[in-house]
Peer 1: 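I have a structure I would like to understand better, so I am pasting it below and will then ask my questions one at a time.
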Amino acid sequence: MRTLTFVVGTGRSGSTALSGIVNAHPDVLSLNELLSSVQSRGFPEGVFGGGEFWRLLAEPNPLFERMIRNGVPMPEFVYPRRPGRFATETTGIPALSLMVLPHLTDDPDGLFDELEGEVCRWPERTAAGHYEALFDLLGARFGRTVAVERSGYSLDRVPLLRKVFPEARFVHLFRDGPDCALSMSRHTGYRLIFLLREILSRTGAERVEHLTEEQVRSLPPELAPLLGERFDPALVLDSDLPLTGFGALWSELITQGVDRLGEVPAPLRTTLGYEDLLDDPRAELTRLADFIGVEPLPQWLDTGAARLDGSRRGSSLRLPAAELAALRESCAPGARALADSRQ
């Protein structure tokens with residue numbers, strides 16, 4: 001691959017649409033939600049063989065499997081909408097199959113088998129070496145020359161990505177805070193994130209997997225069941241969660257994220273505002289193409305512009321005045337950090 005670029009952000013910022021636009025470019029290998037799929041466990045230290053690397057890609061993501069099993073899947077889960085031979089209740093859906101492979105092909109099972117036969121034979125390498133080989137393999141398979149990975153809720157992983165891929169480029173995709181927070185509040189994944197963060201706040205634990213049995217027993221009945229294999233989907237879908245809490249979440253992610261991105265060398269990072277993309281899609285997509293190292297082909301620019309939906313812009317403006325004012329206040333720290341980072 002000539003270049004590797006990570007599009008990072010809070011999520012709910014037009015990032016799924018951007019993955020589709022990027023995938024439409026004939027020179028770009030679009031790795032949709034790869035980081036979300038394998039998460040930090042997909043980047044172990046040291047060297048290891050192809051079989052071990054394949055296990056990291058093929059093992060189902062435990063949290064995503066629980067979401068599907070309990071009737072709260074995210075709309076980004078592509079594989080269950082076009083089911084193949086894998087299913088949560090039987091085999092489990094491989095991490096790579098849930099969102100990454102269906103984005104590249106209409107035959108994700110066939111591509112999964114093809115990759116397994118190749119990757120499992122690879123020699124020992126570092127995680128970076130294996131991923132670079134995987135990107136080269138997929139690039140050759142689909143005739144693509146640059147790779148762009150895009151995952152939602154990914155700002156906190158910038159340090160990890162910089163460590164593993166020191167030459168990688170970063171695009172910070174962001175959206176107006178109140179609009180983004182409102183979208184989070186209506187999204188299954190972010191509602192579950194909110195509740196899991198509440199569990200950590202109440203118990204003082206740093207990670208859900210570090211919770212003790214005593215800490216779990218201390219949780220109220222609307223939170224404790226979320227840690228089990230089975231729970232009532234209404235706990236996620238119908239809980240009355242404060243909108244300002246999502247504004248605070250957006251602010252926290254943005255504030256921490258711009259600090260982490262500030263440590264990336266300037267030539268290796270840029271920003272992309274969702275509203276800017278809606279206002280002048282051809283200019284912004286041209287700038288994006290130049291940054292990731294491909295030609296801004298006229299037909300691709302037309303396709304990208306046609307795929308953008310501006311109907312969700314300003315969605316928070318339809319809130320009651322007092323609710324909107326409170327939401328704006330909760331988003332203010334993130335908005336200031338974002339403004340400062342663009343100066």
Side-chain angles (χ1 to χ4, degrees), residues 1 4-11 15-16 19 22-23 29-69 73-74 76-80 84 86 88 91-105 108-109 111-120 122 124-139 141 147-166 168 170 189 192-193 196 207-209 260:
M1 286 290 166
L4 169 62
T5 302
F6 291 97
V7 179
V8 296
T10 64
S15 51
T16 302
S19 274
V22 167
N23 193 40
L29 175 68
S30 178
L31 301 163
N32 178 59
E33 301 279 11
L34 174 62
L35 182 59
S36 294
S37 299
V38 301
Q39 301 186 337
S40 299
R41 66 183 178 86
F43 300 90
E45 299 281 349
V47 297
F48 48 94
E52 176 68 9
F53 178 59
W54 182 250
R55 183 183 66 78
L56 296 173
L57 302 177
E59 281 192 349
N61 181 303
L63 176 60
F64 292 164
E65 289 287 279
R66 285 175 54 229
M67 293 178 73
I68 296 170
R69 187 180 301 115
M74 293 195 294
E76 291 84 357
F77 295 167
V78 183
Y79 189 91
F86 301 114
T88 294
T91 60
I93 301 174
L96 199 64
S97 296
L98 190 59
M99 295 180 282
V100 182
L101 298 187
H103 185 68
L104 296 172
T105 176
D109 289 351
L111 182 56
F112 180 89
D113 294 340
E114 186 180 328
L115 292 174
E116 181 179 24
E118 181 74 23
V119 172
C120 287
W122 284 354
E124 290 193 340
R125 297 185 175 110
T126 61
H130 279 300
Y131 281 106
E132 288 164 2
L134 176 65
F135 301 158
D136 286 342
L137 177 62
L138 287 170
R141 168 72 166 70
V148 176
E149 195 281 341
R150 194 283 312 169
S151 288
Y153 201 67
S154 52
L155 277 172
D156 65 332
R157 293 199 172 99
V158 170
L160 170 65
L161 296 173
R162 287 192 64 221
K163 179 181 178 182
V164 178
F165 306 104
F170 291 87
L192 183 57
I193 287 169
L196 293 177
R207 300 176 66 88
V208 169
E209 54 266 33
R260 290 164 176 150

Peer 1: Name the residue from Val148, Leu138, Asn23 that meets the side-chain contact (heavy atoms from CB on, under 4.5 Å) definition with Ser30.
Peer 2: Asn23
Peer 1: Taking Ile93's backbone N and O only, do any of them form a donor-acceptor pair with Ser97's side chain (distance below 3.5 Å, no angle check)?
Peer 2: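 Looks like no, no N/O pair under 3.5 Å.
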Peer 1: After noting the C-alpha distance and the side-chain angles of Val22 and Asn32, does the key distance pass the side chain to side chain contact (heavy atoms under 4.5 Å, CB included) rule?
Peer 2: CA-CA 10 Å; Val22 167; Asn32 178 59; over 6 Å; no
Peer 1: Say you draw a straight line from CG of Leu161 to CG of Leu155; how long is it, rounded to the nearest 0.5 Å?
Peer 2: 10.5 Å
Peer 1: Looking only at non-hydrogen atoms, find the nearest pair between Ser154 and Val8 and report the distance.
Peer 2: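 Between these two residues, the closest heavy atoms are OG-CA, 3.2 Å.
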Peer 1: Calculate, to the nearest 0.5 Å, the distance between atoms CZ and CG belonging to Arg141 and Leu104 respectively.
Peer 2: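 So the CZ of Arg141 and the CG of Leu104 are separated by 9.0 Å.
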Peer 1: Do Arg150 and Ser15 meet the criterion of a side-chain donor-acceptor pair at a distance under 3.5 Å?
Peer 2: yes
Peer 1: Any donor-acceptor pair under 3.5 Å linking the side chain of Ser151 with the backbone of Leu35?
Peer 2: yes
Peer 1: Could you tell me whether the side chain of Arg157 reaches within less than 4.5 Å of the side chain of Gln39, counting heavy atoms only?
Peer 2: yes
Peer 1: Are any non-hydrogen side-chain atoms of Pro108 and Val78 less than 4.5 angstrom apart?
Peer 2: no
Peer 1: If you count every heavy atom of other residues, nucleotides or ligands that lies below 6.0 Å from Glu45 atom CD, does the total exceed 12?
Peer 2: no
Peer 1: Once rounded to the nearest 0.5 Å, what's the spacing between atom CG of Leu192 and atom CZ of Phe64?
Peer 2: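 The distance works out to 10.0 Å.
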Peer 1: Measure across Ser36 and Glu149 and return the closest heavy-atom pair with its distance rounded to 0.1 Å.
Peer 2: N-OE2, 4.5 Å
Peer 1: Atom OH in Tyr153, atom CD in Glu33: separation rounded to 0.5 Å?
Peer 2: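 Those atoms lie 13.5 Å apart.
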Peer 1: Fit a plane to each ring of Phe86 and Phe112, take the angle between them on a 0 to 90° scale, and name the class: parallel (under 30°), tilted (30 to 60°) or perpendicular (over 60°).
Peer 2: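 Judged by the thresholds at 30° and 60°, the geometry between Phe86 and Phe112 is perpendicular.
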Peer 1: Can you tell me how far CG of Leu29 sits from CE of Met1, rounded to the nearest 0.5 angstrom?
Peer 2: 4.5 Å
Peer 1: Can you tell whether the side chains of Glu132 and Arg125 come within less than 4.0 Å, N to carboxylate O?
Peer 2: no
Peer 1: Where is the tightest heavy-atom contact between Pro60 and Arg41, given as atom of each residue plus distance?
Peer 2: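 Nearest pair, atom of Pro60 first, then Arg41: O-NH2, 3.8 Å.
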Peer 1: Do any N or O atoms from the side chain of Glu76 and from the backbone of Met99 form a donor-acceptor pair under 3.5 angstrom?
Peer 2: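 Absent.
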Peer 1: Taking it one step at a time, do Asn61 and Leu98 satisfy side chain to side chain contact (heavy atoms under 4.5 Å, CB included)?
Peer 2: CA-CA 9 Å; Asn61 181 303; Leu98 190 59; 5.6 Å; no
Peer 1: Return the minimal non-hydrogen interatomic distance between Gly92 and Pro94, and the atom names on each side.
Peer 2: O-CD, 3.6 Å
Peer 1: Yes or no on side chain to side chain contact (heavy atoms under 4.5 Å, CB included) for Phe170 and Arg162, after CA distance, side-chain angles and deciding distance?
Peer 2: CA-CA 9 Å; Phe170 291 87; Arg162 287 192 64 221; 3.8 Å; yes
Peer 1: Looking at every heavy atom in both Thr105 and Leu111, which two are closest together, and how far apart are they?
Peer 2: CG2-CD2, 3.7 Å
Peer 1: Would you check, one step at a time, whether the test side chain to side chain contact (heavy atoms under 4.5 Å, CB included) holds for Tyr131 with Leu57?
Peer 2: CA-CA 10 Å; Tyr131 281 106; Leu57 302 177; 4.1 Å; yes
Peer 1: Would you check if the side chain of Tyr79 reaches a backbone N or O of Pro102 as a donor-acceptor pair within less than 3.5 Å?
Peer 2: no
Peer 1: Once the angle between the rings of His130 and Trp122 is folded into 0 to 90°, is it parallel (under 30°), tilted (30 to 60°) or perpendicular (over 60°)?
Peer 2: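 It falls in the parallel class, under 30°.
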